[in-house]
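Okay, so here's the structure we're looking at.
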Amino acid sequence: MNGRPEQFSAEPNELLVERLRDGLGLTGTKVGCDTGQCGTCVVRLDGRSVKSCLILTASAAGSRVTTIEGVTERGGELTGLQEALRQEHGTQCGFCTPGMVMALGELVENTADREAPTEPEIREWLTGNLCRCTGYHSVVRGVQRACSAARAEIPEEISEGAAVTASAASAASASASASGKEV
Amino acid sequence: MTAVTGEVPLQGSGLLGQPLDAREDPQLLRGEAKYVADIDLPGTAHMAILGSPVAHAKILSIETKAAEQMPGVLKVATAADFTDVMPLPCIWIPGGVESHFPPHPYGLPGARPVLTGDAVRHVGDPIAVVVAETPRQAAAALAAIAVEYEPLPVVTRADDALAEGAPQLHEAVPGNLNAYWTCGDKDRTEAALAEAEVTVELDLVNQRTINSPIEPRGAVGDYNAATDEYTLYASTQGPHNHRFLLAALVLGIPFNKLRVIAPTVGGSFGTKGYLYPDMALVLLLSKALRRPVKWVDTRTGLMNSTVQGRDHRQHVVLAGTRDGRMTGLWATSYANLGAYPSTIGPGVATALMGRSISGMYDIPAAFCEVYAAFTNTVSLGAQRGSGRAEAAFLMERLVDRYASEIGMDPAAVRRMNLVPKEKFPYDNGLGWTYDSGDYQLNFDKAMELSGYADMPARKAEARTRGKRLGVGLATYVAICGVGPSTRMSKEGMLGGTWESANIRVHPTGEVTVTVGSASTGQSHHTVFAQVAADELGIDPALVQVYEGDTLKAPYGQGTYGSRSYSMAAPAVALTARKIKAKLVKAGAVFLGVPEEKVVYAGGKVYEEGNEENTKTFAELAMAMWYGWGLPHEIEPAIDETTHFDPPDFNYPFGTHVAVVEVDELTGETEVVAYTAVDDAGNIGNPKIVLGQIEGSITHGLGQALMEAAVYDEQGLLVSSDLTKYALPRAADVPFFTLDKTTTPSPHNPLGAKGAGEIATVPPAAAVVNAVVDALSDLGVQHIDMPLTPEKVWRRLRGEAE
Ligand code: FES
Ligand code: FES
């Protein structure tokens, strides 16, 4: 869990989002719906973004889980994606934001080895996350900015990234290197 | 820049108008902000609400024994437990010809009980509550409460509710008619319609929609038995307002014993300004149990309990000449208020819509009548652009219908009828007096930017791809800056609608600004700091903003109707001006020169003509803190407050152009281009306003294309979660082409006009106009929203709706 082992027993029907928020106090992950539609609860499970309201805690046993708290330290320096979203004001009320950061983080990492994702690709990737405030425009601009900044700044890592994003497990390690922390 | 008469003219340092980054954003991006669901007080118990599963029934009995025995259950309560609690009042009752409301003990004309005991009137109507150790235990115990119902007939449409023999909702409201309200000149309008060369008519359904902030509502009540004080944490957009309503009008406790705190709020768009039963219940149960009590809504719960929006059925008529001059406008509207009058719902459905119907046009005779009815649906309230969006929709649909009738270009008809610049202030004959505007400039800019002249060529090109391209225009005026308290009282509002701000300068030169409004995502901390820093000529980094806690913040009515920047920000600016005036007086003492020779500029005072003789803001702050050498008539320290009540509203406006492509085969509508030119007066922070405009347009497109609260014949809300209620997603919208014109309002010292929600007002009309344009050669004159592919596909095949 965010790079630290956590041991506990869970009821068979306990949802991962309940464990995160109520059990572990990781309230950065939000609950916006009851139906897996809004994406405010997205976390990364072995590097892949998943809706934690649709996952049983038990089924996540043995996996690496990253929540928004595992992306940046409290008050810490923002990642490239977060910084780009900040510059584009990709957040208003902020309720959708942690889920967006988690989901978009996967997109940014998975496309690091190729041309920047196109606008339709970004919009398509975002269909799992609802935002009522921004209309998504500033979020899409934020991702575009993040991708172009990433390409401008770390050209060597792009080709390395190509080799490691093939499997879920290596995507997780790509995520670790992107955020500079152990997952 | 026009200044309010008698005020110090704007002397800002140039910070206003700059796109400063929102200082709220980093903590939001790191997931650190605390929303109400994240508040975890020690010893918290959890509340769940039993909502009615049926839309209309008499309650014969409620059996709670089994629920009380369930694991972890601490308390089960029904209406019988709260007989000494007053019902939730409605505080905006527009003066109409007739109005009937369920009574409130204080003689207020509208009310709903905290829990219903006699009958249920909509699905979700709260009947009982359970408090348990965990949320799961509370939810589980709800299932063990047995309620016996005697079913009653159901009505879900306003016009049906007013028909002879319709099911009755409230004994005190015969015929379900909550209010009959009118504005404008009936006789003149009737005459204009009778004499007109051309009249066109439309029957419109402005469908009910659900605002859907992504954060559901929530509340935590914390009663302190030692001090007999109550604290309420709630996702509210008006903490002071809720404090007033709850303490004085519902709980009947001393005002100074209730503290309301709005933590970070995850969007609202109108819905979180309303008083809901849960807010009172968590406080009452916290007192009963001597523990904090927390309640967090689910999405389905939100859809069945949080106020819904729009919902008018209308017959509208426009009269004009053959050559395009509009001469008369008539609107008859049946508004669906739902089961109970919400806090301000009746005002939204009547005045906020009716007085806006003629929009940017100079129409000599206009009249609007609204029949506001009770039905077995969730209560009606505000929704981003509320009232004004409904008005723009009917007007802009009518203009297109009229243009097609007389064979004129819709843009030409619009341009010809815009209120001319020299007519401001302009009395629209419906009760509003528009403050300022240059509508022609705004309109022309939108036409140019959208490439309106090239549309015929684009239509032809689209046909070669199996697409029908349509273009739709919509203009609007949105009344904002609610508002002048006296004016609002005449409009039927119970309570003042001013805003206040306090600025405290600390001895070390940092500044704290506190305001009565409370953000639901509008970056107040950034913008109010910007306003204060601009006025005082200091670095915004020195300014900290607080709001949302009634114990700490000066009074204010909250964030609604796009009023923060034209109501709370002026209060900040005026307070800063008081401080500057005081520092000029004190500066005379410190600099040893007469007051007339003291200049305040660039964050310091200095002697006119001798800038060496100066004191910086920080030096002044310290000197005022010590207070040494101040003459008796100058108080030490720097701490000022202003209550701002403007002379009148402000009226932003704009022109939007939607370009759609309708797929011939599937009936799918794609918005391929969208141009908006809005005028919100002087803008404080364009980066933040840009985000609000983009979000607002997207919201409006949602109503046009996909959103609808659908009730079945039994009154069940079919679209009760996000699998059945469609919200626009990222792939549903293109980037927009945006620009602005700037006409300062004379009604506040910043020249500001409302901005937050204004761009939600015209998109629905623009898109429907565009789709009707795309289908016009098939004889289509109107399609009701939402424009689902199926509906459009049927029209493409020549079928009726
Ligand atoms: S809370 Fe998980 S998708 Fe909405
Ligand atoms: S920022 Fe409010 S929902 Fe996205």
Side-chain angles (χ1 to χ4, degrees), chain A residues 11 18 21-22 25-38 40 67-69 71-76 78-79 81-83 85-98 101 119-120 122-141, chain B residues 19 21-22 24-35 37-38 40 134-136 211-216 264-269 296 298-301 384 519-523 687-688 690-699 701 721-723 727-736:
Chain A
E11 294 288 319
E18 290 177 87
R21 289 183 52 84
D22 304 337
L26 297 168
T27 55
T29 303
K30 305 297 177 197
V31 179
C33 73
D34 341 312
T35 49
Q37 291 287 307
C38 73
T40 59
T67 69
I68 190 74
E69 288 88 350
V71 171
T72 20
E73 282 164 36
R74 229 183 142 67
L78 301 178
T79 63
L81 171 63
Q82 287 171 319
E83 178 59 28
L85 287 168
R86 186 184 74 83
Q87 289 181 20
E88 294 293 342
H89 188 42
T91 183
Q92 287 181 31
C93 78
F95 198 77
C96 70
T97 304
V101 169
E119 185 200 332
I122 297 168
R123 290 186 184 277
E124 206 49 51
W125 188 269
L126 259 176
T127 50
N129 294 74
L130 284 169
C131 176
R132 193 57 149 172
C133 297
T134 64
Y136 313 99
H137 311 274
S138 51
V139 179
V140 175
R141 285 195 297 268
Chain B
D21 287 338
E24 287 88 341
D25 285 1
Q27 65 155 344
L28 298 175
L29 286 157
R30 287 191 294 252
E32 289 170 2
K34 289 274 179 247
Y35 299 82
D38 307 330
D40 190 14
T134 71
R136 278 195 170 217
N211 234 343
S212 311
I214 302 303
E215 180 210 28
T264 308
V265 176
S268 170
F269 319 110
V296 179
T298 60
R299 177 60 47 179
T300 301
R384 212 184 208 168
S519 168
T520 59
Q522 296 89 353
S523 313
K687 182 178 267 196
I688 285 157
L690 170 69
Q692 295 174 344
I693 300 274
E694 290 176 328
S696 289
I697 295 172
T698 306
H699 197 138
L701 298 179
D721 63 48
L722 293 174
T723 64
L727 295 177
R729 293 178 182 270
D732 296 320
V733 283
F735 279 130
F736 305 144

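Protein chains get the first letters and strands the later ones, always in sequence-line order, with residue 1 at the start of each.
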Between the side chain of [X] and the main-chain N/O of [Y], is any donor-acceptor distance below 3.5 Å?
| X | Y | value |
| --- | --- | --- |
| B/Arg729 | A/Leu130 | no |
| A/Arg21 | B/Ala37 | yes |
| B/Asp25 | A/His89 | no |
| B/Arg30 | A/Arg74 | no |
| A/Lys30 | B/Gly31 | no |

Given a strict heavy-atom distance threshold of 4.5 Å, which part of [X] is in contact with chain A: side chain, backbone, both, or neither?
| X | result |
| --- | --- |
| B/Thr520 | backbone |
| B/Val265 | backbone |
| B/Ile688 | both |
| B/Thr723 | both |
| B/Asp38 | both |
| B/Ala33 | backbone |

Under the side chain to side chain donor-acceptor pair (under 3.5 Å) rule, collect the residues that match up with A/Thr27, sequence neighbours excluded.
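Partners of A/Thr27 by the side chain to side chain donor-acceptor pair (under 3.5 Å) criterion, ordered by chain and then number, come out as B/Lys34.
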Sequence neighbours excluded, which residues qualify as side chain to side chain donor-acceptor pair (under 3.5 Å) partners of A/Arg141?
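So A/Arg141 forms a side chain to side chain donor-acceptor pair (under 3.5 Å) with A/Glu88, B/Glu694.
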Hey, are B/Arg136 and A/Glu11 close enough for a salt bridge, meaning a charged N less than 4.0 Å from a carboxylate O?
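No, B/Arg136 and A/Glu11 are not salt-bridged.
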Look up atom [atom1] in [X] and atom [atom2] in [Y], then write down how far apart they are to the nearest 0.5 Å.
| X | Y | atom1 | atom2 | value |
| --- | --- | --- | --- | --- |
| B/Gln692 | A/Thr134 | CD | OG1 | 11.5 Å |
| B/Ile214 | A/Gln92 | CD1 | CD | 12.0 Å |
| B/Asp721 | A/Cys33 | CG | SG | 8.0 Å |
| B/Asn211 | A/Arg132 | CG | CZ | 6.5 Å |
| B/Glu32 | A/Thr72 | CD | OG1 | 7.0 Å |
| A/Cys133 | B/Gln522 | SG | CD | 8.0 Å |

Between [X] and [Y], is any pair of side-chain heavy atoms under 4.5 Å apart?
| X | Y | value |
| --- | --- | --- |
| B/Leu29 | A/Arg86 | yes |
| A/Thr91 | B/Glu24 | no |
| A/Tyr136 | B/Asp732 | no |
| A/His137 | B/Val733 | yes |

Could you go through the side-chain hydrogen bond (donor to acceptor under 3.5 Å, both in side chains) check for A/Asp34 and B/Thr300 one step at a time?
CA-CA 7 Å; A/Asp34 341 312; B/Thr300 301; 2.7 Å; yes
Could you tell me how the ring of A/Phe95 sits relative to the ring of B/Tyr35: parallel (under 30°), tilted (30 to 60°) or perpendicular (over 60°)?
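A/Phe95 and B/Tyr35: perpendicular rings.
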Mind ranking [options] by heavy-atom pairs under 4.5 Å with chain A and telling me who comes out on top?
| options | answer |
| --- | --- |
| B/Ser212, B/Ser523, B/Pro213, B/Ser519 | B/Ser212 |
| B/Ser268, B/Gly267, B/Pro734, B/Gly301 | B/Pro734 |
| B/Phe269, B/Phe735, B/Phe736 | B/Phe735 |

A/Val31 versus chain B, heavy atoms under 4.5 Å apart: side chain, backbone, both or neither?
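Contact with chain B is through the backbone of A/Val31 alone.
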So for A/Glu119, is it side chain, backbone, both, or neither that comes closer than 4.5 Å to the heavy atoms of chain B?
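The side chain, not the backbone.
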Of all the heavy-atom pairs spanning A/Leu126 and B/Ala730, show the shortest one and how long it is.
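Scanning both residues completely, I find the closest heavy atoms to be CB-CB, 3.6 Å.
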Please rank A/Gly25, A/Gly32, A/Gly128, A/Gly36 by heavy-atom pairs under 4.5 Å with chain B and give me the top one.
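Most pairs with chain B among the choices: A/Gly32.
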Heavy-atom pair count under 4.5 Å with chain B, highest-scoring of A/Asn129, A/Thr127, A/Val101:
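Greatest number of close heavy-atom pairs with chain B: A/Thr127.
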